[in-house]
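Heads up: the structure comes next, in structure tokens.
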Amino acid sequence: MELIMLSGGILALPVLAFITSFLFWPGVLLKAYNWYWRCRLGLVVSYAHSASYRFCYTSRGTPGGATPSLLLLHGFSATKDMWLPVVKHLPRDQHVVCVDMPGHEGTSRTGAEDYSIQGQVRRIHQFVQSIGLDKRPFHLVGTSMGGNVAGVYAAHYPACLSSVTLVCPAGLVYPTESDFITRLRKMEESEQEEAIPLIPSTIQELEDMLKLCCYAPPNLPRQALRGLLDNRTPNNGFYKEVFMEIVGEKSRHSLQENLHLITSPVQVIWGTEDQVVDVSGAAVLQAALPNCQVALLDNCGHSVALERPRKAAKLIVDFLSAQEVSDESAKKLS
């Protein structure tokens, strides 16, 4: 009986710790959950340095396989962990790297010169060189802000890439303005200090952000929302600094201004219900890059990696396979 009671007490400790964390430190619990998910997926957290600058990234597998390595660039105010749902559906032998963008999560936080799109492109290239990813052409994937960076990277460093996937990319001149872009323009014209929809400070603002970014927002319990908010709000000052850089004159249309320099094969993935950057941007890319492959996802918003991770992973894998077949055919013809 004493042994049973002792065993029950030992088992109760982690349950008690879980309940306590959920009630009082939900942000810590969410970080622990991401750690657990990374472990299950075989992702290892590592650090790379370029002089005094530090990059934090996760990776799985080794380069040199049948398909090119994948480098995934997340969006504004997210982290490398936003790709976890997509990595789950990628082949286990696929070499994949997810990096924290400049200033985000574990990557060095410096100043505005690194937060513009051009500044982020320079830093990402330093990262690529620091881990030797440039020794063989790799496939670059970027979403939202990361899509803007990925497109400009493709324009400036074509020799490093085999191909690129742009997921709901920012940085274009959109034929149809989203409500979000219209609201930003009005804020700019009025010069009024208003809350930025992508930088929530309250539970209600966080819920509004999820509704903005997702066609079908996840139905999260209030404590989970509190945890997300607790992990974000200490960085809100930094997020605002980055936001002002990427919507400023130098960066706002960076992708649009560099489209004519892109020579790599391009894949475009876009949610038809995107309320952040309108899906009409896909037509802009198709007009500028006639050979690009466009996949429009119905009933999907801006957060493709969250809403349609399985589909996004399949589209990327299929695109890589098609490029491999195309390369083989080209070699035979030559």
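Of all heavy-atom pairs spanning E307 and H302, the tightest one is OE2-N, 4.2 Å. What you find for Q275 and C214 is that their closest heavy atoms are NE2-O, 4.3 Å. E205 and S201 make their closest contact through OE1-N, 2.7 Å (heavy atoms, listed as atom of the first residue, atom of the second, distance). The heavy-atom pair separating P175 from G281 by the smallest distance is CD-N, 4.4 Å. Residues L166 and A150 come closest through the heavy atom pair CD2-CB, 3.9 Å. Closest of all the heavy-atom pairs between L161 and S264 is CB-OG, 3.9 Å.
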Self-check item: Verdict with supporting geometry, V242 and M145, side-chain contact (heavy atoms from CB on, under 4.5 Å)
Solution: CA-CA 10 Å; V242 175; M145 177 191 78; 4.2 Å; yes
Self-check item: Test log, rule side-chain contact (heavy atoms from CB on, under 4.5 Å), inputs Q323 and F319
Solution: CA-CA 6 Å; Q323 294 307 309; F319 183 70; 3.4 Å; yes
Exercise. Go through the steps for R183 and D179 under the test salt bridge (charged side-chain N to carboxylate O under 4.0 Å, His left out), then give the verdict.
Key: CA-CA 6 Å; R183 180 173 171 181; D179 290 340; over 6 Å; no
Exercise. Verify side-chain contact (heavy atoms from CB on, under 4.5 Å) between K250 and Q118, making sure each step is shown before the conclusion.
Key: CA-CA 8 Å; K250 290 192 301 182; Q118 293 288 356; over 6 Å; no
Quiz item: Does the pair N236 and Y239 meet the rule for a side-chain contact (heavy atoms from CB on, under 4.5 Å), with working shown?
Solution: CA-CA 5 Å; N236 277 0; Y239 294 151; 3.6 Å; yes
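Linking ILVMFWY residues whenever their side-chain heavy atoms come closer than 4.5 Å, directly or via other members, leaves V268 and L261 in distinct clusters. Residue I246 is grouped with residue V149 when hydrophobic side chains (ILVMFWY) are merged at heavy-atom distances under 4.5 angstrom, including chains of intermediate members. Cluster annotation: V97 is not connected to Y47 through the hydrophobic network of ILVMFWY side chains, with a link wherever side-chain heavy atoms come within less than 4.5 Å. Neither M101 nor L306 shares a network with the other; the hydrophobic side chains, linked directly or stepwise wherever heavy atoms of I, L, V, M, F, W or Y lie under 4.5 Å apart, form separate groups for each. Under the 4.5 Å side-chain contact rule for hydrophobic residues, V294 and V266 share a cluster.
Other residues, nucleotides and ligands place more than 12 heavy atoms under 6.0 Å from the CZ atom of R92. At most 12 heavy atoms of other shown residues, nucleotides or ligands fall within 6.0 angstrom of atom CZ in R310.
Classified by interplanar angle (parallel below 30°, tilted 30° to 60°, perpendicular above 60°), the ring pair F55/F127 is tilted.
Checked by atom type, the side-chain pair Q94/T67 shows a donor-acceptor distance below 3.5 Å. A donor-acceptor pair shorter than 3.5 Å can be found between the side chains of R232 and S77. Judged purely by distance below 3.5 Å, without hydrogens or angles, the side chains of S163 and H139 pair a donor atom with an acceptor atom. A donor and an acceptor atom, one from each side chain of R123 and Q126, are located under 3.5 Å apart.
When side chains are defined from C-beta on, L198 counts as touching F180, because their heavy atoms get closer than 4.5 Å. Looking at S303 and C213, their side chains come closer than 4.5 Å, going by heavy atoms from C-beta outward. Put simply, the side chain of E105 reaches to within 4.5 Å of the side chain of K80, judged on heavy atoms. Inter-residue side-chain proximity for Y115 and R109 is flagged as met; some heavy-atom pair is nearer than 4.5 Å. Side-chain atoms of R122 and H156, non-hydrogen and from C-beta on, never get closer than 4.5 Å to each other. With contacts defined as side-chain heavy-atom distances shorter than 4.5 Å, the pair I199/F76 qualifies. You'll find the side chain of V276 stays beyond 4.5 Å of the side chain of S178, heavy atoms only. A heavy-atom distance below 4.5 Å is not found between the side chains of N34 and K31.
Rounding to the nearest 0.5 Å places CG of D93 at 8.5 Å from CZ of R60. For the atom pair CG of L225 and CG of L220, the computed distance is 5.0 Å after rounding to the nearest 0.5 Å. One finds the OG1 atom of T176 at 12.0 Å from the CD1 atom of I181 (value rounded to the nearest 0.5 Å). Annotation: the span from D230 atom CG to L30 atom CG amounts to 9.0 Å, rounded to 0.5 Å. Rounded to the nearest 0.5 angstrom, L140 CG and S69 OG are separated by 12.0 Å. Taking NE2 of H260 as the start and CG of N258 as the end, the distance is 6.5 Å to the nearest 0.5 Å.
Of the possible polar contacts, none joining the S144 side chain to the P169 backbone as a donor-acceptor pair under 3.5 Å is found. Side chain of T107 to backbone of C56: a donor-acceptor contact under 3.5 angstrom is found. In this structure, the side chain of T143 does not engage the main chain of G75 through any donor-acceptor pair within 3.5 Å. Judged purely by atom type and a 3.5 angstrom limit, Y53 uses its side chain to pair as donor or acceptor with the backbone of S108. For the pair D134 (side chain) and C160 (backbone), a donor-acceptor distance under 3.5 Å is absent.
Residues meeting the ring pair (Phe, Tyr, Trp, His ring centres under 6.0 Å) test with Y157, sequence neighbours left out: H125, Y153.
In this structure, V87 shares a hydrophobic cluster with Y33, W37, L41, L43, L70, L72, M82, W83, L84, V86, L90, V96, V141, V167, I269, L297, V304, L315, I316, V317, L320, the cluster being traced through Ile, Leu, Val, Met, Phe, Trp and Tyr side chains under 4.5 angstrom apart.
The salt bridge (charged side-chain N to carboxylate O under 4.0 Å, His left out) analysis of residues 256-285, with sequence neighbours excluded, yields no pairs.
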